[in-house]
Amino acid sequence: MDEATSVALPPSPAASSSAVHEKLNKSPGKIGMAIFGLVLIGGLGYAVSQLANDLGTTHLASVWPYVLLGIALLIALGFEFVNGFHDTANAVATVIYTHSLEPHIAVVWSGMWNLIGVLTSSGAVAFSILTLLPVELILQVGKGAGFAMVFSLLLAAIIWNLSTWWFGLPASSSHTLIGSIIGVGIANQLMSPKTGTSGVDWSQAANVFKVLLISPVVGFVCAALLLLLLKVLVKKPELYQSPKGDAPPPFWIRGLLILTCTGVSFGHGSNDGQKGMGLIMLILIGTVPTAYALNHAIGYNQVEDFAAVSQQAANVLSGYVSTDAVMGDARSDLTDYIRTKQFTPNTMLAARQLALEIQHEVTAYHTLAAVPANQQQNVRNDMYVESEALRLMAKSGNPKFTPPENAVLANYKKHLDLSTKFIPPWVKVAVALALGLGTMVGWKRIVVTVGEKIGKDHLTYAQGASAEIVAAITIIAADQFKMPVSTTHVLSSGVAGTMLANGSGLQFATIRNIALAWVFTLPVAALLAAGLFWAMRQFI
């Protein structure tokens, strides 16, 4: 073979992968580490100072709540740290394996957009996940059963995530956390069958299951179709090539891949970053309710508006109160309705009565910050139960409110949620830092699996772009519908779809292992969480 012929031959996939591994094994530059260190120190300083400032307004009788708070926050942020191993690493796999960005630059870039995604998130996904938890455990989150719930489900999720990461399997942190929640719910019901404690809200869980089940299929099919569509519309041969050695792609392709990486990173932060936030808020409410049970940013003007909206809602509910209803404890009656989903004549009476009680409690103190420390948790629980009862009524269509009445009640629920379902900025910063730090530490294993072990041939530029475009759109859309979705499942299945559409072939051993991890994640996480919950309830 002459020299000209040898120069014309493209590098083999093995040679290209070798070039990637050389980059993966390089230590991060001193400048990059220094910048990341400064961001980490600054972010931690901000979070700690804000937490200290909030705690400065509380006066607890013992140091024990602070100890519990510290332990719980470490475990919750530990879950987000491990989440960074899995999900954030998926976002950078394509830009690394196409040489669009150097590995450590890609990780920092992805981490920055995760931070932006977390900071701009609404928190809706965080509180959507909490509706899966037993209502009495949420209302008693500051007591032993509440702490056992939070600790067990987080520890179970961490254990399974670390196990799958160790084997380089792109398992879903969302899937894991929801499995843990289901395990706690089932264990709670089995441990106290005679007291009527609740288990899993299976109707709400079914909605989550649908999203988790459909999202990999969406990723696979849509990424494959998008790749085929690109081949029809974009007649640029260089877009459908694999990297040559360690040379970066043409400028316009490089820009496209960096943009898609940015979209996945932002979407991951805005959706997955929220999962730990809701649990952190439960922890804060349970340990220091004086500071976090109610949104202290709600001032005098907002309270006056809340009072007017409450009266409107009470008037609507009054029209549906049955003459057979018997006055009882309003919160207990509504809690039973949330737990059993059984609408009784007392339910509507309790909803109206609680709306009036909440209105009286809030207007008496003019601002939420002025509610006495020993009443903050009670007011928050009243608001939470009222909001959940209205959600279930709207979902079941019982009773059948008119469209104007539905608008009044939806506005009232919005005001209730604004008072209880809030996330302080420092919590978002802490979660974003935990995600970023996890990515910096454990990103290589998952990146190698996504980049090398799904398809038989090296990832082309078009394949990487197609998989990430679909992943970004799917994740951001799920965030708008307040539903958790797995970045891992969508992106890895998207890569598999593009491999099949491109005729590249699939490594079925890897596909089999990913599928097994997907199948076993839910039951294993549930069993782990149930076992831990049972064990902790013996001592806490």
Side-chain angles (χ1 to χ4, degrees), residues 40-41 43-83 126 130 133-134 136-159 161-162 177 180-181 184 187-188 191 275-294 296 372-378 380-381 420 422-435 437-438 528-540:
L40 185 62
I41 292 170
L44 286 175
Y46 169 76
V48 171
S49 65
Q50 292 298 305
L51 176 60
N53 184 59
D54 292 341
L55 295 181
T57 62
T58 65
H59 302 283
L60 301 179
S62 72
V63 74
W64 181 239
Y66 295 112
V67 174
L68 279 177
L69 175 62
I71 295 172
L73 284 178
L74 282 175
I75 294 174
L77 292 175
F79 166 75
E80 293 295 351
F81 175 79
V82 177
N83 188 1
L130 295 187
L133 292 167
E136 67 271 4
L137 293 185
I138 293 179
L139 298 180
Q140 300 174 14
V141 69
K143 299 181 180 179
F147 278 110
M149 169 189 71
V150 174
F151 287 163
S152 58
L153 67 89
L154 283 173
L155 287 173
I158 290 171
I159 291 169
N161 275 348
L162 283 176
L177 184 61
S180 299
I181 290 173
V184 168
N188 181 62
M191 289 173 67
K275 296 178 178 72
M277 290 183 200
L279 295 170
I280 288 175
M281 289 310 300
L282 277 185
I283 292 164
L284 293 171
I285 291 166
T287 51
V288 278
T290 305
Y292 297 107
L294 296 173
H296 290 177
N374 61 353
Q375 292 297 316
Q376 295 254 344
Q377 182 84 17
N378 286 332
R380 181 254 174 191
N381 284 348
T420 59
F422 66 100
I423 299 175
W426 72 262
V427 172
K428 295 184 177 183
V429 170
V431 167
L433 289 174
L435 276 173
L437 189 59
L528 278 171
L532 288 169
F533 181 73
W534 177 85
M536 290 184 184
R537 290 295 287 124
Q538 311 307 309
F539 302 101
I540 300 179

Nearest-0.5 Å distance, CD of residue Q538 to CZ of residue F533: 10.0 Å
Closer than 3.5 angstrom, by distance alone: can the side chain of E80 be matched with the main-chain N or O of A76 as a donor-acceptor pair? no
Solution key, residues 43-54 side-chain donor-acceptor pairs under 3.5 Å, sequence neighbours excluded:
from: S49; atom 1: OG; to: G45; atom 2: O; distance (Å): 3.0
from: S49; atom 1: OG; to: Y46; atom 2: O; distance (Å): 2.8
from: D54; atom 1: OD2; to: Y292; atom 2: OH; distance (Å): 2.7
from: D54; atom 1: OD2; to: W426; atom 2: NE1; distance (Å): 3.4

Interatomic distance, CD1@I75 vs CD1@I283, rounded to 0.5 Å, equals 7.5 Å
If you take all heavy atoms of S180 and A529, which pair is closest and at what distance? O-CB, 3.2 Å
Can you tell me how far the CG atom of L133 sits from the CG atom of N188, to the nearest 0.5 Å? 10.0 Å
Atom OG1 of T287 and atom OH of Y66: how far apart are they, to the nearest 0.5 Å? 9.5 Å
Just verifying a value: how many Å separate I285 CD1 and M281 CE, rounded to the nearest 0.5 Å? 5.0 Å
Going by the rule side-chain contact (heavy atoms from CB on, under 4.5 Å), which residues pair with L74 if we only count those two or more places apart in sequence or in a different chain? none
Considering all heavy atoms of both residues, which atom of A373 and which atom of T290 are nearest to each other, and what is their separation? CB-OG1, 3.7 Å
Within a strict 4.5 Å, meaning less than it, do heavy atoms of the Q375 and P372 side chains meet? yes
Q376: side chain to side chain donor-acceptor pair (under 3.5 Å) partners, not counting sequence neighbours: H296
Any non-hydrogen side-chain atom of L279 less than 4.5 Å from a side-chain atom of L177? yes
Nearest 0.5 Å, what's the CG-CZ distance between L433 and F81? 12.0 Å
Quiz: residues 150-159 side-chain donor-acceptor pairs under 3.5 angstrom, not counting sequence neighbours:
from: S152; atom 1: OG; to: A148; atom 2: O; distance (Å): 2.7
from: S152; atom 1: OG; to: M149; atom 2: O; distance (Å): 3.1

Check whether any side-chain heavy atom of L284 sits under 4.5 Å from a side-chain heavy atom of V427, and report yes or no. yes
